[in-house]
Amino acid sequence: MTSSVRVRIAPSPSGHLHIGTARTAVYNWLFARHHGGQFILRIEDTDAERSFPEYVDSIQQSLKWLGLNWDEGPFFQSQRGDIYARWVARLRDSGHAYLCYCTPEELAAKRESAQREKRPMRYDGRCRDLTAGERARFEAEGRRPALRLRIPDGDIVYKDIVYGELTRPSAEIEDFVCARAEGTPTYNFACVIDDHEMAISHVIRGNDHQTNTFKQILIYRALGLEPPQFAHLPLNLGQDRRKISKREGATSIIEYQQMGLLPEAMVNFLALLGWSPGDDREIMDRDEMIAAFSLDRVNPANPVFDLQKLEWMNGEYIRRMDANQLLTRLTPLIMESGLASRLEIESRWSWMLKVVESMRERMRRLTDFTETAAFYFRHQIAYDAKGARKYFTRPGVIDDLTALAEAFESVTLEQFTKERAEAQLRDLAEKSGRSPADLIHPLRLSLTGMTAGPGLFDIVEILGRDESLKRIRHLVNTLKTNPASIIPQGEPEKAK
RNA sequence: GUCCCCAUCGUCUAGCCCGGUCCAGGACACCGCCCUUUCACGGCGGCGACACGAGUUCAAAUCUCGUUGGGGACGCCA
């Protein structure tokens with residue numbers, strides 16, 4: 001399909017891919033894919049002081065992780081100096097800009113006094129109409145001029161796809177710098193040139209750029225170029241309704257990746273943060289989102305980022321995922337946590353699938369698996385203290401567990417299933433006049449060390465007859481010889 | 001401080017452009033019940049919002065103005 005839609009994401013490599021930039025990328029990507037257009041990656045690394053190659057890498061990796069594949073780029077602004085130089089010259093000769101010899105120090109002083117007097121600081125236009133003689137004198141002083149745009153009179157109006165008609169009187173805009181004294185372009189200028197050169201049709205970016213847009217439109221006009229369409233996105237806020245910041249935790253995409261979130265869930269969640277398909281759909285796959293996406297359904301109000309909802313959505317994705325696929329995703333995590341090696345995982349794949357199946361409904365993050373399924377892999381069980389006091393202190397519990405172990409042992413390996421184990425346990429409970437729960441709880445604790453987790457008989461079957469027996473007998477033995485080591489002494493803590 | 005933008009449940013939102021069908025719908029979270037060996041999942045139910053004030057109109061969440069609140073921008077940074 002051919003389309004003239006061309007959009008871009010233009011991160012600056014001063015940090016990892018920020019959650020806000022990621023959302024902007026999602027919207028751009030969705031828009032491009034919906035229209036069969038191109039999605040372009042441009043790295044805005046003109047500020048050498050704050051740009052680092054490792055972030056260039058990290059940003060690309062995060063974008064790939066999210067599945068936001070780009071069609072062109074990455075282009076680096078730092079490598080486009082010639083292009084900018086040509087356009088700077090063109091602007092200088094256009095008559096729409098002038099040389100300004102004010103030094104940064106002079107401007108800083110003015111800015112300071114303006115601030116002190118609580119006046120708005122705007123460039124005063126001192127160099128607007130310099131005579132040739134005055135220019136010569138400044139040059140003789142060794143001053144190097146910056147290039148400022150001469151702001152024309154009249155209101156600047158454009159139609160934003162999200163916000164509608166936006167107006168700004170030109171009196172509100174100062175004669176801003178387009179090229180520095182060294183000849184390099186400032187952000188607004190480089191941005192316009194790149195968007196033009198790359199034939200960008202729609203600039204979709206954060207609302208923090210809204211005032212830049214007026215300036216950029218002026219640059220397009222000064223250069224005699226046709227501006228693209230603009231769509232500003234509301235900025236997402238943190239829980240405190242402030243700009244999302246480090247203090248509330250994760251601001252970069254890799255942090256969410258490390259938290260055990262799935263890229264599909266992340267993209268889905270980000271897309272819904274400020275946009276809705278117009279109906280009640282929430283869990284949407286990529287194709288659905290692409291088909292439904294439209295910029296004029298973007299809500300102009302700033303949304304608050306809600307981690308709980310993201311985690312819920314992640315859980316939904318985990319539940320819907322194919323077990324093999326889920327295990328594949330879990331494999332690196334399992335290896336990292338030392339629960340099992342790749343070889344161990346792959347050689348017991350079908351057993352691993354059972355473990356995963358027993359866990360999936362209980363997971364919201366992938367990391368929940370390594371945290372709560374560890375008992376499947378470790379032979380040494382640490383018993384939950386409260387649980388131990390509650391379930392291991394009942395008179396007769398030792399005899400019950402011993403009897404259960406004997407019952408399990410009497411079954412052949414082939415016949416040792418969860419149904420069989422359950423029948424045995426219930427049978428035993430009935431014979432000894434106890435409720436099944438009286439046996440179930442201590443058994444769970446003896447096998448897993450925990451009071452919560454997967455269905456008990458699933459656990460028994462997955463662990464297998466011998467491992468289950470081993471764990472029960474180990475517990476019984478400890479209870480007989482050294483109960484104090486697992487049952488906390490003293491007054492029980494007050495129930496909350 | 002100046003300018004710009006925004007304003008529906010705690011949160012994400014539908015509805016707003018084209019007033020009546022909205023004593024405002026869905027989702028997350030929270031609470032209760034059911035299922036159940038625990039935790040989850042699932043099911044059912046509950047709590048919960050049109051920021052405020054004027055105006056227009058037979059009728060306003062929907063249109064207008066103001067107030068308040070929130071956000072953003074005010075660099076030879078991007």
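Order of the sequence lines fixes the chain letters, A, B, ..., with proteins taken first and strands second; residue numbering starts at 1 for each chain.
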Among [options], which nucleotide sits nearest the side chain of [X]?
{"X": "A/Arg297", "options": "B/rU13, B/rA14, B/rA7", "answer": "B/rA14"}
{"X": "A/Asp306", "options": "B/rC4, B/rA7, B/rU11", "answer": "B/rU11"}
{"X": "A/Gln210", "options": "B/rA78, B/rC6, B/rC5", "answer": "B/rC5"}

Any residue of [range] with a heavy atom less than 4.0 Å from an atom of RNA chain B:
{"range": "residues 41-49 of chain A", "value": "A/Glu44, A/Thr46, A/Asp47"}
{"range": "residues 151-170 of chain A", "value": "A/Tyr163, A/Leu166, A/Arg168"}
{"range": "residues 365-378 of chain A", "value": "none"}

Taking [M] as the reference, what is the distance to [N] when you measure between their [atom1] atoms (whole Å, please)?
{"N": "B/rC30", "M": "B/rC47", "atom1": "C1'", "result": "8 Å"}
{"N": "B/rA78", "M": "B/rA73", "atom1": "C1'", "result": "13 Å"}
{"N": "B/rG71", "M": "B/rC76", "atom1": "P", "result": "26 Å"}
{"N": "B/rG19", "M": "B/rC3", "atom1": "C1'", "result": "33 Å"}
{"N": "B/rC16", "M": "B/rA7", "atom1": "C1'", "result": "13 Å"}
{"N": "B/rA60", "M": "B/rA51", "atom1": "C1'", "result": "16 Å"}
{"N": "B/rC52", "M": "B/rG69", "atom1": "C1'", "result": "10 Å"}
{"N": "B/rC23", "M": "B/rA61", "atom1": "C1'", "result": "13 Å"}

Non-neighbouring partners of [X] that pass side chain to side chain donor-acceptor pair (under 3.5 Å), sequence neighbours left out:
{"X": "A/Arg471", "result": "A/Glu467"}
{"X": "A/Glu174", "result": "none"}
{"X": "A/Ser435", "result": "none"}

Return the pairing partner of [N] with a 3.5 Å limit on both distances, Watson-Crick or G-U wobble; otherwise return none.
{"N": "B/rU56", "value": "none"}
{"N": "B/rA49", "value": "none"}
{"N": "B/rC3", "value": "B/rG72"}
{"N": "B/rC44", "value": "B/rG32"}
{"N": "B/rU38", "value": "none"}

Pairs involving residues 144-171 of chain A, ordered by first then second residue, that meet salt bridge (Lys or Arg N to Asp or Glu O under 4.0 Å) (sequence neighbours left out):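 For residues 144-171 of chain A, and leaving out neighbouring residues, the salt bridge (Lys or Arg N to Asp or Glu O under 4.0 Å) pairs sorted by first residue read A/Asp129-A/Arg150.
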Pairs satisfying salt bridge (Lys or Arg N to Asp or Glu O under 4.0 Å), at least one member in residues 442-458 of chain A, at least two apart: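 For residues 442-458 of chain A, and leaving out neighbouring residues, the salt bridge (Lys or Arg N to Asp or Glu O under 4.0 Å) pairs sorted by first residue read A/Lys418-A/Asp458.
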Gap between atom OG1 of A/Thr251 and atom CD1 of A/Ile19 - 0.5 Å precision: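 It comes to 8.5 Å.
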Nearest-nucleotide comparison on RNA chain B, the residue closer to the 5′ end among A/Arg23 and A/Leu310: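 First, find each residue's nearest nucleotide; the 5'-ward one identifies A/Arg23.
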A/Pro300 or A/Glu172, whichever maps to the more 5' nucleotide of RNA chain B: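 Nearer the 5' end of the strand: A/Glu172.
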Close aromatic pair by centroid cut-off 6.0 Å: A/Tyr123 and A/Phe176: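 No, the ring centres sit 6.0 Å or more apart.
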Validation row, ring centre A/Phe230 to ring centre A/Tyr163 under 6.0 Å: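 No - the distance between ring centres of A/Phe230 and A/Tyr163 does not fall below the 6.0 Å cut-off.
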Those residues that, when tested against A/Arg80, pass salt bridge (charged side-chain N to carboxylate O under 4.0 Å, His left out) (two or more places apart):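 With neighbours one apart ignored, the set is A/Asp194.
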[X] has an atom [atom1]; how far is it from atom [atom2] of [N], in whole Å?
{"X": "A/Leu233", "N": "B/rG72", "atom1": "CG", "atom2": "C1'", "result": "14 Å"}
{"X": "A/Lys215", "N": "B/rC4", "atom1": "NZ", "atom2": "C1'", "result": "13 Å"}
{"X": "A/His209", "N": "B/rC4", "atom1": "NE2", "atom2": "C1'", "result": "15 Å"}
{"X": "A/Asp280", "N": "B/rC12", "atom1": "CG", "atom2": "C1'", "result": "13 Å"}
{"X": "A/Ile283", "N": "B/rC12", "atom1": "CD1", "atom2": "P", "result": "18 Å"}
{"X": "A/Leu272", "N": "B/rC12", "atom1": "CG", "atom2": "C1'", "result": "8 Å"}
{"X": "A/Trp275", "N": "B/rA27", "atom1": "CH2", "atom2": "C1'", "result": "15 Å"}
{"X": "A/Gln77", "N": "B/rA78", "atom1": "CD", "atom2": "C1'", "result": "9 Å"}

Side-chain donor/acceptor of A/Lys309 to base of B/rA29, under 3.5 Å: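 In this structure, the two groups form no donor-acceptor pair.
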Between [X] and [Y] (side chain of the first, backbone of the second, donor and acceptor by atom type, cut-off under 3.5 Å), is there such a pair?
{"X": "A/Tyr84", "Y": "A/Thr184", "value": "no"}
{"X": "A/Asn314", "Y": "A/Leu262", "value": "yes"}
{"X": "A/Asn236", "Y": "A/Pro303", "value": "no"}
{"X": "A/Thr186", "Y": "A/Val177", "value": "yes"}

I want to check one thing: is the phosphate of [N], taken as OP1 and OP2, less than 4.0 Å away from some side-chain N or O of [X]?
{"X": "A/Arg148", "N": "B/rC76", "result": "yes"}
{"X": "A/Arg281", "N": "B/rC12", "result": "no"}
{"X": "A/Arg111", "N": "B/rG75", "result": "yes"}
{"X": "A/Asn299", "N": "B/rA14", "result": "yes"}
{"X": "A/Ser276", "N": "B/rA14", "result": "yes"}

Under 3.5 Å side-chain donor-acceptor pair for A/Tyr98 and A/Asp175: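 Their side chains do contain a donor-acceptor pair, which is all the 3.5 Å distance test asks for.
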A/Phe416 six-ring centre to A/Arg420 NZ/CZ under 6.0 Å and within 45° of normal: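 Verdict for A/Phe416: no cation-pi partner in A/Arg420.
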Within the 4.0 Å heavy-atom criterion, would you say [X] contacts the bases, only the backbone, or no part of the nucleic acid?
{"X": "A/Leu439", "answer": "nothing"}
{"X": "A/Glu311", "answer": "nothing"}
{"X": "A/Cys191", "answer": "nothing"}

Where protein sits on nucleotides 35-44 of chain B, one letter per nucleotide: B base, S sugar-phosphate only, - none, heavy atoms under 4.0 Å: --BBBBSS--
Residue pairs passing the side-chain hydrogen bond (donor to acceptor under 3.5 Å, both in side chains) test where at least one lies in residues 366-378 of chain A, sequence neighbours excluded: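 Non-adjacent pairs meeting side-chain hydrogen bond (donor to acceptor under 3.5 Å, both in side chains): A/Ser358-A/Tyr376.
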Residue pairs fulfilling side-chain hydrogen bond (donor to acceptor under 3.5 Å, both in side chains) with at least one residue in residues 263-279 of chain A, sequence neighbours excluded: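 For residues 263-279 of chain A, and leaving out neighbouring residues, the side-chain hydrogen bond (donor to acceptor under 3.5 Å, both in side chains) pairs sorted by first residue read A/Glu264-A/Arg329, A/Asn268-A/Tyr317, A/Asp279-A/Arg281.
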